[in-house]
Amino acid sequence: MSRVPGWLGRLGAGLTEISERYNERRAEAEREQDDPEPVGDHVPPPPDYAPDVAARPDPALAVPWGVRVAAEAGWRLLVLAGTLWVLMRVISAVQLVVLSFVIALLITAILQPTVARLRRHGVPRGPATALTAMFGFVVIGLIGWFVTWQVMENIDDLSGQIQDGIDELRNWLLNSPFHVTDKQINEIAKNLREAVGANTDQITSAGLEGVTVVVEALTGILLSVFCTLFLLYDGKRIWEWTLKLVPAAARPGVAGAGPAAWRTLTAYVRGTVIVALIDAIFIGLGIYFLDVPMAVPLAVFIFLFAFIPLVGAVVSGALAVVVALVTQGVFTAVMTLVVVLAVQQIEGHILQPFILGRAVRVHPLAVVLAVACGGMVAGIGGAVVAVPLVAVTNTVAGYLRSYSQKSALRHSVRPRGATALSAEPTPQTPSAPE
């Protein structure tokens with residue numbers, strides 16, 4: 001009985017201590033309700049028994065530097081690819097207009113020096129443009145008429161020569177070391193006739209599509225003539241209006257790159273015309289002395305196909321060799337091939353480096369890829385304009401790179417003091433040649 005009061009005293013002391021702690025917790029809760037802290041900034045302290053945990057790093061810093069650079073470059077390349085895709089879709093939708101305008105630019109590059117020369121001799125702009133355009137279009141029309149006349153005049157003789165050439169080729173195959181029999185030749189001819197008969201519908205539809213192509217070609221010719229006239233007459237003001245669409249910060253560089261690109265395009269077109277003319281003359285003379293029929297129309301085709309680099313020379317040369325083979329025999333075809341290869345070697349190693357020069361020289365790999373891409377996108381017209389487009393782009397990129405380097409150097413060595421204003425050059429906007 002003497003221990004009971006001591007036990008009750010300890011129990012009472014424990015209850016008193018628990019009551020005091022409860023009152024403290026309650027007072028704390030009331031204070032937090034009266035003055036609450038922001039939820040985002042309030043971080044409860046970890047309990048005493050919790051282990052120490054290191055803070056997690058920033059996820060961006062955890063990514064390797066190479067991966068971050070690749071990601072930054074990747075999304076920019078995706079944006080550029082999307083922009084290029086949209087641009088190509090727009091160009092495909094208005095392909096006829098774009099090709100007509102580009103052909104007008106090429107014709108203007110040939111005729112513009114004549115307009116400038118007449119202007120220097122005091123001829124007003126309108127008459128100078130009219131005289132130059134009339135002369136250029138008359139020459140082009142006469143060339144087309146002459147080719148058509150030559151083909152129509154020689155078509156009957158050519159049909160007989162082709163038949164004789166086929167018979168001669170048949171006899172050569174029978175007596176050749178390839179052991180070709182008469183039965184095999186007849187079987188090949190039969191298969192060709194059956195293929196033509198089986199594809200009559202396709203041939204007819206191709207003919208109907210040819211009518212549409214003729215209409216589109218006439219429309220493109222009219223658009224090219226119209227654009228050429230205005231480019232010859234008002235090219236300078238058209239370029240100045242185009243410059244207003246460029247942001248003011250980039251306008252000086254673009255204003256200087258425009259004339260540089262025009263000089264490159266003019267040099268390319270002039271050089272290509274001269275090289276194509278030399279090819280046509282020498283190959284035409286060679287096949288003329290070899291008695292190949294329609295030497296003059298073939299020479300004109302060689303001249304026109306020369307505007308398609310690499311591919312055009314192969315196609316036109318192969319056409320001349322085939323005509324020589326089916327009309328004059330194997331020996332004449334071999335000699336025609338020798339003439340074509342000799343002229344093309346002289347062109348590639350002497351004429352193009354000398355006439356075109358280093359300013360418009362494009363690497364052969366770039367030429368092949370450009371012609372292939374242009375042909376896939378826009379056919380023959382795309383193959384024609386692909387190489388001058390690459391040459392002009394190369395010139396513009398080189399000029400803008402040089403301009404940016406000079407601009408950065410000029411700003412880095414800007415003079416200080418009282419002479420700074422007088423020494424700072426006044427930017428001038430170069431104008432396009434008339």
Side-chain angles (χ1 to χ4, degrees), residues 87 90-91 93-143 216-273 307 359-360 378 381-382 384-389 391-393 395-396 399-400 403 427-434:
L87 181 62
V90 172
I91 291 176
V94 291
Q95 177 179 338
L96 180 63
V97 177
V98 174
L99 286 179
S100 300
F101 182 74
V102 173
I103 292 173
L105 280 176
L106 298 178
I107 298 174
T108 304
I110 300 175
L111 301 180
Q112 187 268 336
T114 305
V115 176
R117 192 174 296 111
L118 292 175
R119 292 291 307 279
R120 286 194 297 268
H121 285 82
V123 181
R125 183 191 307 173
T129 302
L131 290 174
T132 304
M134 289 175 59
F135 175 75
F137 294 137
V138 164
V139 170
I140 295 174
L142 288 176
I143 292 174
E216 290 181 354
L218 292 176
T219 305
I221 290 172
L222 292 177
L223 281 174
S224 298
V225 171
F226 188 77
C227 294
T228 302
L229 290 174
F230 275 96
L231 289 173
L232 288 174
Y233 180 77
D234 221 9
K236 182 178 180 180
R237 281 191 285 187
I238 293 174
W239 169 246
E240 292 175 349
W241 177 84
T242 306
L243 280 179
K244 295 179 182 178
L245 303 177
V246 180
R251 195 171 298 166
V254 176
W262 180 252
R263 288 191 296 269
T264 298
L265 181 63
T266 304
Y268 177 85
V269 175
R270 289 181 190 172
T272 304
V273 168
F307 285 89
V360 295
V384 171
V385 304
V387 177
L389 179 62
V392 169
T393 304
T395 300
V396 170
Y399 180 88
L400 292 178
Y403 177 82
Q428 295 181 355
T429 302
S431 59
E434 294 185 0

Identify the two heavy atoms, one from [X] and one from [Y], that lie closest to each other, and give their separation to 0.1 Å.
X	Y	answer
Y403	P252	OH-CB, 3.2 Å
V392	A261	CG1-CB, 3.6 Å
F101	C227	CD1-SG, 4.2 Å
G253	L400	O-CD2, 3.6 Å
A257	Y399	N-CE2, 3.3 Å
R251	V246	NH2-O, 2.9 Å

Could you state the interatomic distance from [atom1] ([X]) to [atom2] ([Y]), rounded to the nearest 0.5 Å?
X	Y	atom1	atom2	result
L111	T266	CG	OG1	11.0 Å
T228	I221	OG1	CD1	11.5 Å
F230	I238	CZ	CD1	8.0 Å
T395	W262	OG1	CH2	13.5 Å
R117	R120	CZ	CZ	6.0 Å

Check for a donor-acceptor pair, side chain of R119 on one end and backbone N or O of A128 on the other, with a separation under 3.5 Å.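 Not at all, since once roles are kept as given, no pair shorter than 3.5 Å links the two residues.
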Between S100 and S224 (side chain of the first, backbone of the second, donor and acceptor by atom type, cut-off under 3.5 Å), is there such a pair?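 No, S100 side chain to S224 backbone: no donor-acceptor pair under 3.5 Å.
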For F137, I'd like to know if atom CZ has over 12 heavy atoms of other residues, nucleotides or ligands within 6.0 Å.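 Enclosed.
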Please identify which of these residues, T132, L232, L131, meets the side-chain contact (heavy atoms from CB on, under 4.5 Å) condition with T114.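 Passing option: T132.
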Side-chain touch W239/L243, heavy atoms, less than 4.5 angstrom: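 Heavy-atom side-chain distance check passes, below 4.5 Å.
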Going through the distances and angles, do R125 and T129 end up as a side-chain contact (heavy atoms from CB on, under 4.5 Å)? CA-CA 6 Å; R125 183 191 307 173; T129 302; 4.2 Å; yes
Carefully, step by step, assess Y268 and L106 under the rule side-chain contact (heavy atoms from CB on, under 4.5 Å). CA-CA 9 Å; Y268 177 85; L106 298 178; 5.7 Å; no
